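Everything numeric in this text was worked out from a predicted model, so none of it was measured. All values below were derived from every heavy atom in this structure, side-chain atoms included, with hydrogens, water molecules and symmetry-related copies excluded.
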Amino acid sequence: MRVVLDTNLFVAASFNPRSRSARILGEVARGALVMAWTDGTRGEIRAVLRQIPRLSRGQWAGLFREEHRYRGETHPEQFALVPDPDDRKFAALAAATGATLVSNDAHLLDGRDEYDFPILSPGEFWESFLEQS
């Protein structure tokens, strides 16, 4: 199963290792989930984590596997309905790869009916992942 993980999952998992966000990242580490990423999404995640001293250790760096890097075109400009311009790259990547976007952002979750790909909260994703396992 392919996922695109919003930055807020990395923050939540770092602060609470028992959270569903942490469990999802654990499944990526284990290889049960494929995390699609681009230089832009990885760059944003790194930048945010560096701003929080206790999260700047790079504990999640190993999740960005080269074989899962997406090198094709994405079109963030097609996601103008997403209020936060920084989140448009995550939506565009999910659309381009056919992945599920997992996010805690209310504005992404509230607008999910507008898109042709699933956008789920970590809790919703975790429940669906358990049902499929």
Participant: Quick one: pull up OG1 in T41 and CG in D86 and give me the separation to the nearest 0.5 Å.
Facilitator: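 Separation between the atoms: 12.0 Å.
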Participant: What distance separates L130 CG from R23 CZ, expressed to the nearest 0.5 Å?
Facilitator: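 One finds 8.0 Å between CG of L130 and CZ of R23.
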Participant: Between M35 and R65, is the side chain to side chain contact (heavy atoms under 4.5 Å, CB included) condition met? List the steps.
Facilitator: CA-CA 8 Å; M35 183 182 73; R65 295 185 179 116; over 6 Å; no
Participant: Between F79 and F90 (judged by ring centroids, cut-off 6.0 Å), do the two rings come close enough to count as a pair?
Facilitator: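 No, too far apart.
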Participant: What closest approach, in Å, do S19 and A13 show between heavy atoms, and which atom pair accounts for it?
Facilitator: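 Closest heavy-atom pair between S19 and A13: OG-CA, 3.9 Å.
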Participant: With a 4.5 Å heavy-atom cut-off, do W37 and E66 have their side chains touching?
Facilitator: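 A side-chain contact under 4.5 Å exists here.
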Participant: Is any side-chain heavy atom of L101 less than 4.5 Å from a side-chain heavy atom of Y115?
Facilitator: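 No, every pair of side-chain atoms sits at 4.5 Å or beyond.
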Participant: Please give me the minimum heavy-atom distance between A96 and T74, naming the atom from each residue.
Facilitator: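 Heavy-atom minimum between the residues: CB-CG2, 4.0 Å.
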Participant: Quick check on E77: does its CD atom have over 12 non-hydrogen neighbours (other residues, nucleotides or ligands) under 6.0 Å away?
Facilitator: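 Yes, enclosed.
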Participant: Can you give me the closest heavy-atom contact between A99 and P118, atom names plus distance?
Facilitator: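 Where A99 meets P118 most closely, the heavy atoms are O-CD, 4.1 Å.
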Participant: Provide the full list of salt bridge (Lys or Arg N to Asp or Glu O under 4.0 Å) pairs with a residue in residues 107-119, sequence neighbours left out, each pair given once.
Facilitator: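 Output for this query lists R112-E124.
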Participant: Got a sec, which pairs hit salt bridge (Lys or Arg N to Asp or Glu O under 4.0 Å) with one end in residues 35-46, sequence neighbours left out?
Facilitator: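 Sorted result for residues 35-46: D39-R42, D39-R69, E44-K89.
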Participant: Is it true that L9 and V34 fall in one hydrophobic cluster, defined by side-chain heavy atoms closer than 4.5 Å?
Facilitator: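 No, L9 does not connect to V34 through the hydrophobic network.
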Participant: Between H107 and D84, is any side-chain donor less than 3.5 angstrom from a side-chain acceptor?
Facilitator: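 Their side chains do not contain a donor-acceptor pair, so the 3.5 Å distance test is not met.
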Participant: Nearest 0.5 angstrom please: L109 CG to D105 CG, how far?
Facilitator: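 Reported to 0.5 Å precision, the distance equals 7.5 Å.
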Participant: Between CG of L120 and OG1 of T100, what distance do you get to the nearest 0.5 Å?
Facilitator: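 Between L120 CG and T100 OG1, I get 6.0 Å after rounding to 0.5 Å.
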Participant: Does a donor on one side chain sit under 3.5 Å from an acceptor on the other, for N104 and D6?
Facilitator: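 No.
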Participant: I'd like to know if the side chain of W60 pairs up with that of S14 as donor and acceptor (distance under 3.5 Å, no hydrogens or angles considered).
Facilitator: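 On atom types as modelled, these side chains qualify, holding a pair under 3.5 Å.
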Participant: Once you round to the nearest 0.5 Å, how far does CZ of F125 lie from CD1 of I119?
Facilitator: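 F125 CZ to I119 CD1: 14.0 Å, rounded to 0.5 Å.
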Participant: Pair N8, S103 - check side chain to side chain contact (heavy atoms under 4.5 Å, CB included), show working.
Facilitator: CA-CA 7 Å; N8 52 57; S103 177; 3.4 Å; yes
Participant: The test is side chain to side chain contact (heavy atoms under 4.5 Å, CB included); show your working for T97 and F117 and say whether it passes.
Facilitator: CA-CA 9 Å; T97 60; F117 57 91; over 6 Å; no
Participant: Are the side chains of S21 and N16 in contact, using a 4.5 Å heavy-atom criterion?
Facilitator: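 SC-SC contact between N16 and S21 ruled out.
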Participant: CG of L5 to CG of L25: how many Å apart, nearest 0.5 Å?
Facilitator: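 Reported to 0.5 Å precision, the distance equals 6.0 Å.
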Participant: Given the rule in the side chain to side chain contact (heavy atoms under 4.5 Å, CB included) test, do W126 and V102 qualify, once you have shown the distances and angles that lead to the verdict?
Facilitator: CA-CA 10 Å; W126 186 251; V102 186; over 6 Å; no
